[in-house]
Protein chains: 2
Amino acid sequence: MKSGTRIGVKDIAKMTNVSIATVDRVLHNRPGVALATEKKIKAIIKKYDYRPNILARTLASRKVIRLAILIPAVSKETTYWQAPLDGIGQAEAEVRQFGVTIEKYFFDLNDKQSFVRQTKRILKSKTDGVLMAPHFEGDAEVFSEQLTEQKIPFVYINSDVPGQNSLSYIGPNLYRSGFLGGQLADFISKETSTCLIVHISKTPDSYYHLLEKEKGFRAYFKDRKKGRILKSDIQRTDYASIKKELTAVLKAQRVDLIFVTNSRVFYVARFLEEAGISNIRLIGFDLIDKNISGLESGRIDFIISQKPREQAYRGVMALYNKLIKGEPVEQQVFMPIDILTKENYRFYEG
Amino acid sequence: MKSGTRIGVKDIAKMTNVSIATVDRVLHNRPGVALATEKKIKAIIKKYDYRPNILARTLASRKVIRLAILIPAVSKETTYWQAPLDGIGQAEAEVRQFGVTIEKYFFDLNDKQSFVRQTKRILKSKTDGVLMAPHFEGDAEVFSEQLTEQKIPFVYINSDVPGQNSLSYIGPNLYRSGFLGGQLADFISKETSTCLIVHISKTPDSYYHLLEKEKGFRAYFKDRKKGRILKSDIQRTDYASIKKELTAVLKAQRVDLIFVTNSRVFYVARFLEEAGISNIRLIGFDLIDKNISGLESGRIDFIISQKPREQAYRGVMALYNKLIKGEPVEQQVFMPIDILTKENYRFYEG
DNA sequence: CTGAAAGCGCTTACAG
DNA sequence: CTGAAAGCGCTTACAG
């Protein structure tokens, strides 16, 4: 045994008078080792705190690990999912040399069936791990159960499905991000101001997320506000409908600040622009291109963002750590809640 | 040659009718290869876009790369440097398996000579790369020149020394962070408010940095403000002196917001607390423990932070990419400028 | 239940 | 200027 440095399989074999093949067997919990031998070897492993050399292991076992990614396609409607895609690319570059390959499956945010179709393809593809955005909760549940049954680890990003035994959830804490929205609103409005919460969404599947943000926002203002908090639920995502609804609301009452619970805040910015309203403050989510324009023009004051790129990056790495390094991974990772303005968004790395 | 997969040295050797030793020679630009042979081999490398297997390379060459880190010691006065230290630890864990070892050298922020002493030790230690916080600009320049002469790559974090040929600078854009400070001040004060810029520093070495932030802050308000912008230069860092100075300033004029250009904003928070002043807004830098208390108590409104942990992490990785992977690294990386409040600092990963 | 041997894709002396 | 061989620390058949 070399002094100072770590021990290897050869050292363990020598110290226990067995071959390295046998050492390898107990290292991987493979059957076919006498209990006494196994105990001896395990004792040495423990005593010297043996850690396998991942480089050598990867090189020798030409095993390739296949990961499947199931996320929404980037669409004209929203470019949000470009960021996670970039994060996956970055992770891929780092883990490729360790024999990890990644297959991407995309679904249409407006088409539940496309999600289901892709889950079936993944199940057929014999994959070792899955990273998914469980957008359609019910279907994601079914899929998760199938994966659990086949002992395929999976991690959620962007939104969580509680109760499933995912390896990890990596994404926002919606309630806290709404709460922060409340604080930001408080910073830029008076105690007596009227705030309007706007949900813009036609899919009931993600509506729950918006409600969580609303809850957080309202919670911040509990016992703190003299002004009113209004709410508007817009169930269509075309500009004409949004315009109509906002026009009606603003005609009925004075509003000082609008809090849009998702990335569609740019519609509201456009509306304010067109209507020539400049005294309403605006806060929304996600640094997509159209929202950057809103920051630039000064229509949008704050964008709250939760590192979409990094969510996906870390999701892949979680799978890698579990599958290749056998390391434990955190069951729940809440991403930082980033505050972006006209003056710092340029440096943002998401 | 295996189809579909990448080629290796063996394939190149076969295709060019030489031994793998010769291929290895040209791969590493080692002398002793006939020009014709070299050309043939290079052509194949290019044609098939050969990429060496880093795992195999690291495993076979038991070469170890030694990195030296030169940063301020964590002191009672400021725990700021704990974060970079953590980042270095994280990077170390990732690159250790690739044969990188890291030696840390600490200097005293109040003792120029301690910096110089450590640079001498590093020079003697035969290191392959250096990561440093060039706090004492003049001495850092001397050191940088010595490193350049010995062809030892070095990267700066936290502050830059222009004109030296560092491999990379990874840190804040001071001017832009001051500019953002202006915008935040604008968000939480009236157009007619009076802002007070406070520098608290006794070392002239870092004073330049504070001035950059001041410049940015003032630039934001150019053509935008009706109120006055005052400035107070406190050249001592004990609380008594700070208290005295602030008392004098606030007696002389009304102030609505204070912008402290470094991490010592907690002193001002303490002063406002003790003086029972609750109508002055407060913005400062760096998420050290004492500033967290200030956020919690509500005395501090915003903390601006520039990922101190990540700066160091990326600094180490830049050296690793250069030295091990031979990849090019970006010459200048400005970190994101993060906005932290009472409601989001808990999720911050710096 | 166990071990000897080949091999992963490189690098490193050493010999010629 | 060039090549054969051993070895890095593991894993993988295969043989017994």
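Chain A is the first sequence line, chain B the second, and so forth, proteins listed ahead of strands; every chain is numbered from 1.
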Grab the CG-C1' distance between Leu59(B) and dG9(D) for me, whole Å please. 6 Å
In whole angstrom, give the distance that lies between atom NE2 of His28(B) and atom C1' of dG9(C). 12 Å
Any side-chain N or O of Tyr50(A) under 4.0 Å from OP1/OP2 of dC10(D)? yes
How close or far is atom C1' of dC10(D) from atom CZ of Arg57(A), stated in whole angstroms? 8 Å
Looking at every non-hydrogen atom in both residues, tell me the closest pair between Gln164(A) and Ser144(A) and how far apart they are. OE1-CB, 3.4 Å
What is the distance, rounded to the nearest whole Å, between atom CD of Gln97(A) and atom P of dC10(C)? 12 Å
Can you check whether Val155(A) reaches Leu319(A) side chain to side chain, under 4.5 Å on heavy atoms? yes
Starting at atom CZ of Arg62(A), determine the distance to atom C1' of dT12(D), rounded to an integer number of angstrom. 7 Å
Bracket notation of DNA chain C in which parentheses pair within the strand, [ ] cross earlier pairs, and | pairs with another strand (Watson-Crick or G-U, under 3.5 Å): |||.||||||||.|||
Within this structure, what is the CZ-to-C1' distance between Phe98(B) and dC10(C), rounded to whole angstrom? 14 Å
Restricting both atoms to N or O, compile the protein contacts to nucleotides 13-16 of chain D shorter than 3.5 Å, with distance only.
none

Please check if atom NZ in Lys322(B) has more than 12 non-hydrogen atoms from other residues, nucleotides or ligands closer than 6.0 Å. no
Looking only at dT12(D), dC10(C), dC8(D), the nucleotide nearest the Lys10(A) side chain is dC8(D)
Given DNA chain D, 5'-ward residue of the pair Asn17(B) and Ala60(B), judged by closest heavy atom: Asn17(B)
Distance in angstrom units between Ile7(B) CD1 and dC8(C) P, rounded: 16 Å
Side-chain heavy atoms of Glu137(B) within contact of Glu141(B), under 4.5 Å: yes
To the nearest 0.5 Å, what is the distance between NZ (Lys42(B)) and NZ (Lys46(B))? 10.5 Å
Is any side-chain heavy atom of Glu310(B) closer than 4.5 Å to one of Glu349(A)? yes
Are any of the side-chain nitrogens in Asp11(B) or Arg6(B) under 4.0 Å away from the carboxylate oxygens of its partner? no
Below 6.0 angstrom between ring centroids: does that apply to Tyr156(B) and Phe154(B)? yes
Reckon Ile20(B) touches a base, only the sugar-phosphate, or nothing at all at heavy-atom distances under 4.0 Å? base
Within the 4.0 Å heavy-atom criterion, would you say Leu55(A) contacts the bases, only the backbone, or no part of the nucleic acid? nothing
Write down the distance between CG (Asn53(A)) and C1' (dC10(D)), rounded to a whole number of angstrom. 7 Å
Close approaches to DNA chain C from residues 32-47 of chain A, in residue order (heavy atom, under 4.0 Å): Gly32(A), Val33(A), Ala34(A), Thr37(A)
I'd like to check Trp81(B) versus Asn158(B) (side-chain heavy atoms, cut-off strictly below 4.5 Å). Are they in contact? yes
Heavy-atom side-chain contact between Thr37(A) and Ile41(A) under 4.5 Å: yes
Should Ile170(B) and Met335(B) count as side-chain neighbours, where that means a heavy-atom distance under 4.5 Å? yes
Can you find a side chain N or O atom of Thr22(B) that sits less than 4.0 Å from OP1 or OP2 on dT2(D)? no
Got Lys104(A) and Ile102(A) here, is their nearest side-chain heavy-atom distance under 4.5 Å? yes
